[in-house]
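On a predicted model such as this, the values are computed, not experimentally measured, just so you know. In what follows, residues are counted from 1 in the order of the sequence shown.
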Amino acid sequence: DVAEAAGEYIWETDTEGVFLFVTDPIEGLLGRSVDTILGQTPFDFMPADEGERVRAMLRAYSARAEAWQGLEHRSLRPDGTEVWQRVSGLPMFDEQGDLVGFRGTGLDITQEKAAEDTQQRLMGRLRLATSAASLGIWDLDLASGRLEWDAGMFRIYGVAEAEFEHSVADWKAALIADTRDQALGDIEAGMRSTRPYESEFRIRRRSDGAVRDIRALAQAIFDAEGNAIRVVGVNEDITERREAERQLHEQSRQLTAVL
């Protein structure tokens with residue numbers, strides 16, 4: 001009951017991987033009834049290359065009579081749709097201590113994989129943009145709180161990579177007081193939106209204390225339940241642009257005063 005409440009199915013196989021028992025939630029994942037799954041192996045429902053890969057791994061576990069956890073693999077539904085699942089298993093022994101099979105759980109992670117794919121494609125586009133425009137990329141894992149920066153971010157913020165602690169605190173420490181609340185509010189709002197968001201704020205560069213104007217663009221990534229799991233974005237140092245605008249504004253003000 002606990003496993004099913006978590007969206008998992010329960011299974012048992014013999015040492016060759018033939019299903020001896022499986023619970024109903026597998027039907028929604030594989031698009032097949034329990035009756036058609038029993039007597040088959042997981043490999044029968046995988047692409048050929050994936051079946052060979054997983055079969056070799058499970059043979060090794062069987063030879064060592066070892067448990068495994070978090071094995072991710074692809075499966076195929078009857079219509080050819082590809083789905084992903086995460087499987088864990090424990091060895092089963094008879095009264096003589098001989099291995100007779102495995103028992104475990106499986107979980108549909110298709111939506112999770114789709115979110116990862118979206119993130120990877122987004123990161124690819126961001127890397128292409130930064131290589132052309134000398135920007136910086138950041139990636140925040142909301143579950144762990146771990147923040148990743150690329151070389152461009154270290155350059156913009158004047159932070160040595162060895163000193164970076166992969167924490168949002170590294171970013172917050174650089175914010176200038178007059179735009180700090182706005183910057184924090186923008187990222188909080190962005191984590192609740194499915195659309196990209198934009199923000200502009202000022203930082204104090206750690207390496208030389210210089211104040212820099214930053215433009216940020218970011219996108220939250222959501223899981224199948226609609227929960228934000230990551231935020232990926234870029235920072236652009238627009239100090240020279242803003243300084244030119246300020247000088248132009250001052251020149252215009254002075255000209256107006258003279259006239």
Side-chain angles (χ1 to χ4, degrees), residues 1-124 141-144 146 194 221-230:
D1 292 343
V2 174
E4 292 190 11
E8 297 178 316
Y9 67 88
I10 300 171
W11 54 266
E12 289 184 5
T13 70
D14 64 16
T15 55
E16 297 300 317
V18 175
F19 281 116
L20 305 175
F21 170 81
V22 65
T23 55
D24 292 345
I26 198 173
E27 294 183 337
L29 172 61
L30 292 184
R32 295 175 168 87
S33 68
V34 168
D35 289 341
T36 61
I37 294 171
L38 293 176
Q40 304 293 317
T41 73
F43 325 118
D44 296 324
F45 309 123
M46 298 181 193
D49 60 336
E50 187 77 329
E52 289 304 313
R53 180 183 73 88
V54 178
R55 188 192 301 271
M57 295 178 67
L58 296 190
R59 279 176 175 167
Y61 290 124
S62 183
R64 299 190 298 266
E66 288 183 350
W68 75 88
Q69 185 172 9
L71 171 60
E72 297 181 358
H73 69 77
R74 295 172 291 142
S75 296
L76 291 175
R77 290 175 173 163
D79 63 1
T81 302
E82 189 172 272
V83 293
W84 279 89
Q85 55 179 307
R86 181 180 294 121
V87 180
S88 300
L90 293 169
M92 299 187 299
F93 302 95
D94 62 17
E95 294 179 354
Q96 287 72 44
D98 295 323
L99 180 71
V100 294
F102 288 88
R103 175 187 294 121
T105 60
L107 177 67
D108 185 349
I109 59 169
T110 306
Q111 292 300 318
E112 180 182 325
K113 286 295 184 178
E116 289 178 3
D117 182 63
T118 298
Q119 180 201 353
Q120 290 172 358
R121 286 187 282 109
L122 178 59
M123 288 296 293
D141 185 318
L142 296 176
S144 66
R146 184 177 178 84
T194 58
I221 306 295
F222 295 83
D223 63 16
E225 286 72 42
N227 302 307
I229 56 175
R230 308 183 82 87

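- Residue Leu99 holds its CG atom at 5.5 Å from CZ of Phe93, rounded to the nearest 0.5 Å.
- Nearest heavy atoms, Arg32 versus Thr36: CB-OG1, 3.5 Å.
- Heavy-atom contacts from other residues, nucleotides or ligands closer than 6.0 Å to CD of Glu95 number 12 or fewer.
- You'll find the side chain of Phe43 reaches within 4.5 Å of the side chain of Leu58, heavy atoms only.
- Using a 4.5 Å cut-off on side-chain heavy atoms (C-beta onward), Phe19 and Thr13 make contact.
- A distance-only check finds a donor-acceptor pair linking the side chain of Trp11 to the backbone of Thr105 [under 3.5 Å].
- Nearest heavy-atom pair, Glu27 versus Ser33, reported as atom, atom and distance to 0.1 Å: OE2-CA, 3.4 Å.
- Listed here is the closest heavy atom pair of Ser88 and Gly70: OG-N, 2.9 Å.
- Within the 4.5 Å cutoff, no side-chain heavy atoms of Glu112 are placed close to those of Ile229.
- Proximity of Gln40 to Val22: side-chain heavy atoms (C-beta onward) are nowhere separated by under 4.5 Å.
- The residue from Glu72, Gln69, Glu8, His73 that alone fulfils the side chain to side chain donor-acceptor pair (under 3.5 Å) condition with Arg86 is Glu72.
- Under the 3.5 Å distance criterion, the side-chain polar atoms of Thr23 are left unmatched by any main-chain donor or acceptor of Tyr9.
- Of the inter-residue distances, the one linking Asp223 atom CG with Leu142 atom CG reads 10.5 Å to the nearest 0.5 angstrom.
- The CE atom of Met92 lies 13.0 Å from the CG atom of Asp98; values are rounded to the nearest 0.5 Å.
- Looking at Thr15, its side chain never comes within 3.5 Å of a backbone N or O of Gly101 through a donor-acceptor pair.
- Here the CD1-CG distance, from Ile26 to Asp108, works out to 10.5 Å after rounding to the nearest 0.5 Å.
- Rounded to the nearest 0.5 Å, atoms CD (Glu50) and CD (Glu82) are 7.5 Å apart.
- To the nearest 0.5 Å, the span separating CD on Glu66 from OH on Tyr61 amounts to 8.0 Å.
- Two residues are said to be in side-chain contact when any heavy atoms from C-beta on lie closer than 4.5 Å; Thr41 and Val18 meet this criterion.
- Without hydrogens or angle criteria, Arg77 side chain to Leu29 main chain gives a donor-acceptor distance under 3.5 Å.
- Here the side chains of Arg230 and Asp141 are in contact, with some heavy-atom distance below 4.5 Å.
- Minimum heavy-atom separation, Thr110 to Trp84: OG1-N, 3.0 Å.
- When all heavy atoms of Ala65 and Pro91 are compared, the pair lying nearest together is O-CG, 3.6 Å.
- Nearest heavy-atom pair across Gly106 and Gln85 is CA-OE1, 4.5 Å.
- Inspection of the Thr81 and Asp79 side chains reveals an N or O donor paired with an N or O acceptor under 3.5 Å.
- Trp68 places a side-chain N or O within 3.5 Å of a backbone atom of Val87 that can act as its donor or acceptor partner.
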